[in-house]
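A short write-up of the structure that comes next.
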Amino acid sequence: MDGVIKISVFAVAGVLIALLLKSEKPAYGFLFGVALGLLVLASCFSRLQQVVTRLSHLQAYLGEGKEAFTILLKVLGITYVCDFSAGICRDAGYGFLATQLEILGKLTVTFSGISILVAVIDQISALW
């Protein structure tokens, strides 16, 4: 909890500085904002390692469900990457590109989910 508060305060302070820079030199304000976003993202990696460690322990218990679990983790990663990238594009004034990245993420998640759906249908049909 303490780390989240520190990172949040850091982000808000950074945004205020980026706004000041943006009024003087818009390019520097944007670059500062992107650098700030990358720093916050980098600070999340330590927490992400803890999550991955716990999820890998869970994956060891799944048996045949390991493939579906791996796909779900990839889908989660795709969602975060597309959302982060779209946010940067939107902040830079490229809303069209941000929308395209969001569509790419949704399509990728949909296609990844099809294989899980097929596996579930196979398991249900095996019970009958």
Side-chain angles (χ1 to χ4, degrees):
M1 177 77 170
D2 189 40
V4 173
I5 293 172
K6 287 179 184 177
I7 292 170
S8 298
V9 170
F10 174 75
V12 170
V15 166
L16 293 174
I17 293 170
L19 287 173
L20 289 173
L21 286 173
K22 191 173 184 178
S23 66
E24 298 284 324
K25 297 197 177 199
Y28 290 150
F30 171 72
L31 290 175
F32 187 81
V34 169
L36 182 65
L38 291 174
L39 285 172
V40 170
L41 183 65
S43 69
C44 295
F45 283 133
S46 65
R47 292 180 189 346
L48 182 63
Q49 286 176 328
Q50 294 171 355
V51 170
V52 169
T53 301
R54 289 190 180 183
L55 289 176
S56 65
H57 288 19
L58 177 64
Q59 187 178 16
Y61 294 112
L62 290 178
E64 291 183 23
K66 287 182 181 180
E67 182 179 330
F69 189 74
T70 303
I71 292 171
L72 288 174
L73 287 179
K74 288 179 183 179
V75 164
L76 184 63
I78 289 166
T79 303
Y80 281 117
V81 167
C82 287
D83 187 50
F84 185 76
S85 301
I88 290 174
C89 292
R90 193 169 283 109
D91 288 346
Y94 292 95
F96 176 77
L97 183 58
T99 303
Q100 298 305 313
L101 283 170
E102 290 169 346
I103 290 172
L104 171 69
K106 290 173 185 176
L107 287 174
T108 305
V109 166
T110 302
F111 288 126
S112 298
I114 289 173
S115 61
I116 294 174
L117 179 63
V118 169
V120 168
I121 290 172
D122 287 344
Q123 288 182 353
I124 291 172
S125 65
L127 295 174
W128 293 85

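Two residues are said to be in side-chain contact when any heavy atoms from C-beta on lie closer than 4.5 Å; L101 and F84 fail this criterion.
Here the shortest heavy-atom pairing between A18 and F32 reads CB-CD2, 3.7 Å. The heavy-atom pair separating A98 from A86 by the smallest distance is CB-O, 3.3 Å.
Residues I88 and I17 are members of separate hydrophobic clusters, defined by side-chain heavy-atom contacts under 4.5 angstrom among Ile, Leu, Val, Met, Phe, Trp and Tyr. Cluster membership for V81 and L39, using ILVMFWY side-chain heavy atoms within less than 4.5 angstrom, is not shared. I103 and V109 fall into different hydrophobic clusters, where Ile, Leu, Val, Met, Phe, Trp and Tyr are joined by side-chain heavy atoms under 4.5 Å apart, directly or via other members. Linking ILVMFWY residues whenever their side-chain heavy atoms come closer than 4.5 Å, directly or via other members, places F10 and V15 in the same cluster. Cluster membership for L31 and Y94, using ILVMFWY side-chain heavy atoms within less than 4.5 angstrom, is not shared.
Between I121 atom CD1 and I114 atom CD1 the span is 10.5 Å, to the nearest 0.5 Å. In this structure, L97 CG and E102 CD are separated by 10.0 Å, a value rounded to the nearest 0.5 Å. The line from CD of Q100 to SG of C82 is 11.5 Å long, rounded to the nearest 0.5 Å.
Paired with S112 under the rule side-chain contact (heavy atoms from CB on, under 4.5 Å), one option of L107, V75, L72 passes, and it is V75.
Proximity of a side-chain donor or acceptor of S125 to a complementary backbone N or O of D122 within less than 3.5 Å is detected.
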